[in-house]
Amino acid sequence: MMEHSFIFVSIITTQLLLFADILAQPLPPNIGINYGRLGNNLPAPRDVINLYNRCGVGSIRIYDPNPEVLEALRDSNLRVSVGTRNEDLPSLASSQAAADAWVNTNVAPYRNNVKFNWITTGNEVIPGPYATNVAPAMINIQNALRSIGLTGTKVTTVTSFGVIANSFPPSAGTFTSETTEVMTNVASVLKQTGAPIMLNVYPYFAYASNPAKISLKYVHFNEITPVVDGQFQYFNLFDSMVDAYNVALEKIGAGSVPIVVSETGWPTAGDSPFTSIDNAQVYNINLANHVKRNGTPRKPNQIMDTFIFALFNENKKPEGIEQNWGLYYPNMSRIYGYLDC
Ligand SMILES: *[C@@H]1O[C@H](CO)[C@@H](O)[C@H](O)[C@H]1NC(C)=O
């Protein structure tokens, strides 16, 4: 009996994986991929951008305005999110001239061939010493863009899920007391400009730190029994976390600000059994299939731009799971079937 059920389970697992392989296909247009560059063995930017193009990826997020990368992005058709370096925030916040210079150096020379969709002032700097720089830096960069006539670019910032104090149930979502004032200032700028807020959201970490309470099915978008929160039904942890953030925004009067998911993903190694190629593949494929046509229960019609973290394994990050978030090895061969290239 035991042996039979074991065989039965492995047949099902095998079929799920084959199914996942068949699903490897062009990404939906609202899925982007983060191009992290903390490796000493990564391909040249031109080869990397060619990989994005060949794979039909819709958008790319880069963490700083590296000129070689921006040069390679010319005529790529990718929608680009480019970040200011965190350490530049104090000057961008305090000086319009510094913000003008940043835009003149990093945006203006490429504007005719690169689609600057988003500029992010700061990556996960709230809370922290740069937090109060974010809102004024956004305003100064926005002014600088306007003065060169670029009006379609959204200026925002990237926040970690660490700004959230309560995330369960989602209706209890709030910002931490430490971040509420800064988030209120940031959100009020975003409301005026119509730009989204960016959020890094990792159901993986919630699951790996509490596998007894959170089922893999729920994290993998495979649950059929919902977690009920008032009138809302949650079939996956990703939606639950994003909606906790939506509720926190509502509580600071910013419920209309849309969310872009700037990072999500699953590592392939470093914390077995939670990390594995199979687990990463199932998460990312099911994520893409989910967000391509669904908003969250609280904002069902709001299809979010969502960036997978990350394109490559990066060997200059801390050892362990941090080095293993890639869809590709540095030699550009893919780690698992996800894209059809
Ligand atoms: C690429 O790198 C991976 C990991 O080191 C290795 O397993 C694979 O064989 C390499 N592929 C090629 C084509 O060199």
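Whatever order the structure lists ligands and atoms in, that order sets their numbers, starting from 1.
- There is no side-chain donor-acceptor pair under 3.5 Å between Ser276 and Asp278.
- The side-chain heavy atoms of Ile259 and Tyr245, taken from C-beta on, include a pair separated by under 4.5 Å.
- A search for salt bridge (Lys or Arg N to Asp or Glu O under 4.0 Å) contacts involving Asp239 returns nothing, not counting sequence neighbours.
- Heavy-atom neighbours of Arg46 CZ from other residues, nucleotides or ligands within 6.0 Å: at or below the threshold of 12.
- Between Phe238 and Phe221, some side-chain heavy-atom pair lies under the 4.5 Å cut-off.
- Using a 4.5 Å heavy-atom threshold, the side chains of Tyr283 and Thr264 count as touching.
- Pocket lining of ligand 1, defined as residues with a non-hydrogen atom under 4.0 Å away: Tyr329, Asn331, Ser333.
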